[in-house]
Novice: 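Below you'll find the structure I mean.
By convention in this document, chain letters (A, B, ...) are assigned in the order of the sequence lines, proteins followed by strands, and residues within each chain are numbered from 1.
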Amino acid sequence: MRLLVANRGEIALRVFRACREMGIETVAVYSDADRRAPHVAAADHAVRIGPAPARESYLCVPALLDAARKTGAKLLHPGYGFLSENAAFARACRDAGLTFVGPTPEAIEAMGSKTGSRQLMEKAGVPVVPGMTRPAAGPAEVAAFGRKAGYPILLKASAGGGGKGMRRVESESEVGAAFERARSEALTFFGDGAVYAEKLVERPRHVEVQVVGDLRGRRAAVGERECSLQRRHQKVVEECPSPAVDEALRARLSATAVAAADAVSYSSCGTVEFLLAPDGSFYFLEMNTRLQVEHPVTEEVFGVDLAREMIAIALGQPLSLPQGGVSPRGHAIECRIYAEDPLQGFAPSPGRITALRLPQGPGVRNDVGIEAGSVVPIDYDPMLGKLIVHGSSRARALECLSRALSEYEISGVVTTLPLFAALTADPDFRAGAFDVQWLDRWLAAGRLAAPSGASPEIVSLAAAGLHAFEEGASAPAPDAAASGWRLTARREGLRGP
Amino acid sequence: MERAVFVYRGEGDPEEIVVERRGSACTFTRGGRVEHADAAELGDGRLSLVFEDGRQVCGRVAAAATGLVAVAQGSTAYRLSLAEPLTDRLAHAQGGEHAGDEREDVRALMPGRVVEVAVKVGETVPAGGLLLVLEAMKMQNEIRSARGGTVLSAPVEKGKAVEGGALLMTLEAPPNPIG
């Protein structure tokens, strides 16, 4: 049995790990920018699928199908992003005799159109936010909706996700320019320029429910995740469970999420996203018909392996989770580490990782797609990996996070690690008192600053280090200079006649 | 014996730090206070200091820009203004020349692709006006003018890739409204 992952970075490695544990051989695909990427070196088989631009490699369906045929892969896991929510791709896999590790093309299609899925949810009795029921033909339609629903409104790419191609519009005068930009981004990133508008619910939280369904029609919810910490609609920190959800609300959210999944006869892992208003009412946002970036927090708290579950389900095995639900244990927090400079407006920082020190110890999990020496290309999403911590309570998880961050070092590129260190010290974050706009307000208020007040020890260290640097006197430590080969050679020499 | 003198500009007045090193033994003289420490370069390139009273500090030190030193201690990245007296003077001289500059050079912060050029040579742009849109790492970044002015040159073309640091546009500062 062989499984091809049509993806790169940490998620390719994540799925490969599940495969190894299940005794399934792994197939990596790579673009010219990724020949030296860790996911290629970790795989049993690897196939070049094209040049660096995603459209000519990771989004190129014929190249992916060829790779599967060439290596004899029978299963294909799409990861997240790229073609993971592309119904035509899932269908092309099916037509090629490949088992797509994910939901059916029909379910992807039904949930993939945001406007179509809204209508479907309304029919299934799942609450939705007021919005346009089909893509806007032009800015005039958007303006008409804005007048009716009231500003601010949100422009969204029909085929989008992850905040790409989303624009907040404050007034009618902004509609024209925002519409053009949203359409252009939608076309560039999703190959589909359709956009629509919806009413913006002020100060909501983003809470989502993990659902899993097998091919026999059994479906279960596996708790919720809190994903309110977002920067410009991009998730930054996720937790499980949500600090804003109690037992009663969890039961209502779970039942609604399973009803949403039932409406499209959903199989495999999926996520039903909700906006949770301060008064406890919630609205269906969208369903992500794939494995989420933030799936590890659910895995840590519920003791499940979602990547493995997806593969097992695709192979026709029954759901291993009890339909009545599994019990949560403690609290987990995930930080998405990006090659972006949080002190320079999150400007991307591609380049070579010169040093990497991952945190270790109890409660720490690292899902990363980089190694020391690896290059972060400009062609793809700049996420380097995720730090996930787990503790017996939210307070313990926060202590663990703070400790893990103090051990974490990525040199060579600038990363968002300092942002998480600052957040763990913030009283609102510690109290769980935030909404989806909280982080943007926090950043706009300049709450993130470069560390000031270096201790005398740090100043001495800098002086000593710079001294060594200038003298060229940084004689490498003897252990580092003598490689194993050279030591062996010396021993051989000693043994000589 | 090696000896180096640095100027540290922290929160207070600039102060001089003298580092003397003999083998692994370092002596720091700062504000008349003398401290001794043992220095060790670790296999992964980090530097560790153990002071006489047992305090230990470890981190990665790298020269960042002129007069700036980056110290990474876990996820905490310090940037210290720690300059050799000579380079410090040079940095000041350069700053003086730039102060009277009436041109604005707009450079790419990162490698990317130009998706839109919003202005032509000779056009006048207000402060904050859109100059071009640069696509990098899945985002379209709107590059705007900081001070506004007249576009003197725009060596960019729609659809073309640019390197990080590449000159995208040069603007001439607007005429002084008072003068």
Side-chain angles (χ1 to χ4, degrees), chain A residues 54 164 181 184-185 188-189 339-340 344-345 347-351 354-355 357 359 372 377-382 404-411 414-415 417-418 420-421 450-471 473-477 479-480, chain B residues 2-4 6 8 10-11 17-21 26 28 30 33 35 37 39-49 51 55-63 69-80 82 84 109-113 115-116 133 135-142 164:
Chain A
K164 305 283 186 198
R181 188 80 70 229
S184 154
E185 278 190 3
T188 308
F189 300 128
E340 292 175 342
Q344 302 292 329
S349 172
T354 52
R357 297 182 65 245
I378 62 158
D379 309 272
Y380 315 111
D381 188 84
L405 287 167
S406 76
E407 294 177 19
Y408 213 137
E409 185 199 340
I410 300 174
S411 288
V414 185
T415 72
L417 281 170
F420 307 121
S452 61
S455 66
E457 290 81 11
I458 290 288
V459 176
S460 294
L461 188 73
L466 195 61
H467 178 31
F469 191 81
E470 298 205 332
E471 295 291 322
S474 53
D479 291 350
Chain B
E2 296 158 2
R3 189 171 182 280
F6 299 104
Y8 172 56
E11 264 119 66
I17 302 173
V18 181
V19 186
E20 287 167 285
R21 186 164 177 179
C26 287
F28 301 94
R30 179 181 174 185
R33 208 169 138 236
E35 275 208 300
E41 275 110 16
L42 308 187
D44 66 0
R46 286 178 301 153
L47 182 66
S48 160
L49 292 180
F51 293 92
R55 276 170 300 140
Q56 192 276 146
V57 64
C58 181
R60 192 179 308 275
V61 184
V69 189
V71 179
Q73 194 183 34
S75 64
T76 310
Y78 296 97
R79 281 171 93 83
L80 306 184
L82 187 66
E84 216 189 330
L109 274 175
M110 62 215 128
R113 231 162 260 116
V115 290
E116 185 186 328
V133 180
E135 182 186 306
M137 298 179 114
K138 282 177 81 180
M139 286 296 285
Q140 294 197 352
N141 304 281
E142 295 177 348

Novice: The criterion is side-chain contact (heavy atoms from CB on, under 4.5 Å); which residues satisfy it with B/Ser48, sequence neighbours excluded?
Specialist: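 Once residues adjacent in sequence are excluded, the partners of B/Ser48 under the side-chain contact (heavy atoms from CB on, under 4.5 Å) criterion are B/Leu42, B/Val50, B/Gln56, B/Cys58.
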Novice: Which of these, B/Arg46, B/Gln73, B/Arg60, sits in a side chain to side chain donor-acceptor pair (under 3.5 Å) with A/Glu409?
Specialist: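 The option that passes is B/Arg60.
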Novice: By a 4.5 Å heavy-atom criterion (distance strictly below it), what part of A/Pro456 contacts chain B: side chain, backbone, both, or neither?
Specialist: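 Answer is both: backbone and side chain atoms of A/Pro456 are under 4.5 Å from chain B.
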Novice: Please state whether the side chain, the backbone, both or neither of A/Glu407 comes within less than 4.5 Å of a heavy atom of chain B.
Specialist: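 The backbone, not the side chain.
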Novice: Measure B/Ala39 against the heavy atoms of chain A and call it side chain, backbone, both or neither at under 4.5 Å.
Specialist: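 Neither part; nothing is under 4.5 Å.
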Novice: Of all of A/Leu405, A/Val459, A/Leu417, which one pairs up most often with chain B through heavy atoms under 4.5 Å apart?
Specialist: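 Result: the option with the highest number of such pairs is A/Val459.
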Novice: Is the backbone of A/Ser411 close enough, under 3.5 Å, to the side chain of A/Thr354 for a donor and an acceptor to pair up by distance?
Specialist: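 Yes, the answer is positive, given that a donor and an acceptor are paired below the 3.5 Å cut-off.
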Novice: What part of B/Val18 gets within 4.5 angstrom of chain A, counting heavy atoms only: side chain, backbone, both, or neither?
Specialist: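 Contact with chain A is absent: no heavy atom of B/Val18 under 4.5 Å.
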Novice: Going by heavy atoms in the side chains, are A/Arg181 and B/Glu116 under 4.5 Å from each other?
Specialist: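 In contact.
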Novice: Taking the side chain as every heavy atom from C-beta outward, state whether B/Val57 and A/Ser460 have any atom pair closer than 4.5 Å.
Specialist: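 No, their side chains stay 4.5 Å or more apart.
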Novice: Please flag which part of A/Thr188 lies under 4.5 Å from any non-hydrogen atom of chain B: side chain, backbone, both or neither.
Specialist: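 Just its side chain gets close to chain B.
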Novice: Could you look at B/Tyr78 and say if it's the side chain, the backbone, both or neither that has a heavy atom under 4.5 Å from chain A?
Specialist: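 When you check distances to chain A, atoms from both the backbone and side chain of B/Tyr78 fall under 4.5 Å.
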Novice: Is B/Leu80 close to B/Phe6 at the side-chain level, that is, under 4.5 Å between some pair of heavy atoms?
Specialist: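 The answer is no, as the side chains (C-beta and beyond) never meet within the 4.5 Å cut-off.
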Novice: Chain A heavy atoms under 4.5 Å from B/Ile17: which part of the residue, side chain, backbone, both or neither?
Specialist: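 Only the side chain of B/Ile17 comes within 4.5 Å of chain A.
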